[in-house]
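Working notes, beginning with the structure itself.
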Amino acid sequence: MEIASNSFFEILVSMINTVYVIPQIIIFVAASILISKKKEPSSVIIFIGSIIMLLNTLFYSTLLPLLLKFEIITYEFYTSSTHIFISIFGLLGHLCFAIGLLLLVMSYVNNTLKNR
């Protein structure tokens, strides 16, 4: 019975990890559409942030579990060095996206107020 519960747990974790990637893909597609329509600094920053966030999510949801499962890296190695680097990389992506979004909103509001 324990084997069945372990496989169920692994399948559930795999499904949850896959679900985490979906919003990041949607954000990346939206950023791609935005940059194709508006070649402005705000859209470039949003696009760069979305790429970094997608890569970070893919690492945490697919690559890291595989590396740990096949013992390519140890959990101790991950917690000591890799986690800090990947966390800072992800933070950089989120900051880029947030700054780009703020710049885009400010530009939109300024243009809307000028057209009144």
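Residue numbers count from 1 along this sequence. If you're wondering where the values come from, they're calculated on a predicted model, not measured in any experiment.
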To check you understand the geometry: which heavy-atom pair defines the closest contact between [X] and [Y], and what is its length?
{"X": "Cys96", "Y": "Ile45", "value": "O-CG2, 2.9 Å"}
{"X": "Pro65", "Y": "Tyr60", "value": "CD-O, 3.4 Å"}
{"X": "Gly93", "Y": "Ile52", "value": "CA-CG2, 3.4 Å"}
{"X": "Phe59", "Y": "Thr82", "value": "CZ-CG2, 3.9 Å"}
{"X": "Ile73", "Y": "Leu68", "value": "O-CD2, 3.7 Å"}
{"X": "Phe28", "Y": "Ile51", "value": "CE1-CG1, 3.6 Å"}

In the single-linkage hydrophobic clustering (I, L, V, M, F, W, Y; side-chain heavy atoms under 4.5 Å), do [X] and [Y] co-cluster?
{"X": "Phe85", "Y": "Leu64", "result": "yes"}
{"X": "Val21", "Y": "Val29", "result": "yes"}
{"X": "Ile72", "Y": "Leu63", "result": "yes"}
{"X": "Ile99", "Y": "Val105", "result": "no"}
{"X": "Ile48", "Y": "Ile86", "result": "no"}

inquiry  = Atom NZ of residue position Lys37 - does it have more than 12 heavy atoms of other residues, nucleotides or ligands inside 6.0 Å?
reply    =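 Incorrect, the count does not exceed 12.
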
Output the distance between atom [atom1] ([X]) and atom [atom2] ([Y]), rounded to the nearest 0.5 Å.
{"X": "Leu113", "Y": "Tyr108", "atom1": "CG", "atom2": "OH", "result": "10.0 Å"}
{"X": "Leu67", "Y": "Thr74", "atom1": "CG", "atom2": "OG1", "result": "11.0 Å"}
{"X": "Thr112", "Y": "Lys114", "atom1": "OG1", "atom2": "NZ", "result": "11.0 Å"}
{"X": "Leu34", "Y": "Ser42", "atom1": "CG", "atom2": "OG", "result": "6.5 Å"}
{"X": "Ile25", "Y": "Ser32", "atom1": "CD1", "atom2": "OG", "result": "11.5 Å"}
{"X": "Leu101", "Y": "Ser50", "atom1": "CG", "atom2": "OG", "result": "12.0 Å"}

request  = Check whether any side-chain N or O of Ser80 sits under 3.5 Å from a backbone N or O of Phe77 as a donor-acceptor pair, and report yes or no.
outcome  =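 Checking the backbone N and O of Phe77 against the side chain of Ser80, a donor-acceptor pair under 3.5 Å is found.
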
Working for side chain to side chain contact (heavy atoms under 4.5 Å, CB included), residues Ile27 and Met53 = CA-CA 9 Å; Ile27 290 171; Met53 290 182 342; 4.0 Å; yes

task = Carefully, step by step, assess Ile46 and Ile35 under the rule side chain to side chain contact (heavy atoms under 4.5 Å, CB included).
result = CA-CA 8 Å; Ile46 288 173; Ile35 200 167; over 6 Å; no

ask   = Do Thr57 and Thr62 pass the side chain to side chain contact (heavy atoms under 4.5 Å, CB included) test, and can you show the C-alpha distance, the side-chain angles, and the key distance before you say yes or no?
value = CA-CA 8 Å; Thr57 302; Thr62 57; over 6 Å; no

ask   = With a 4.5 Å heavy-atom cut-off, do Leu104 and Lys38 have their side chains touching?
value =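 The answer is yes; the side chains approach within 4.5 Å.
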
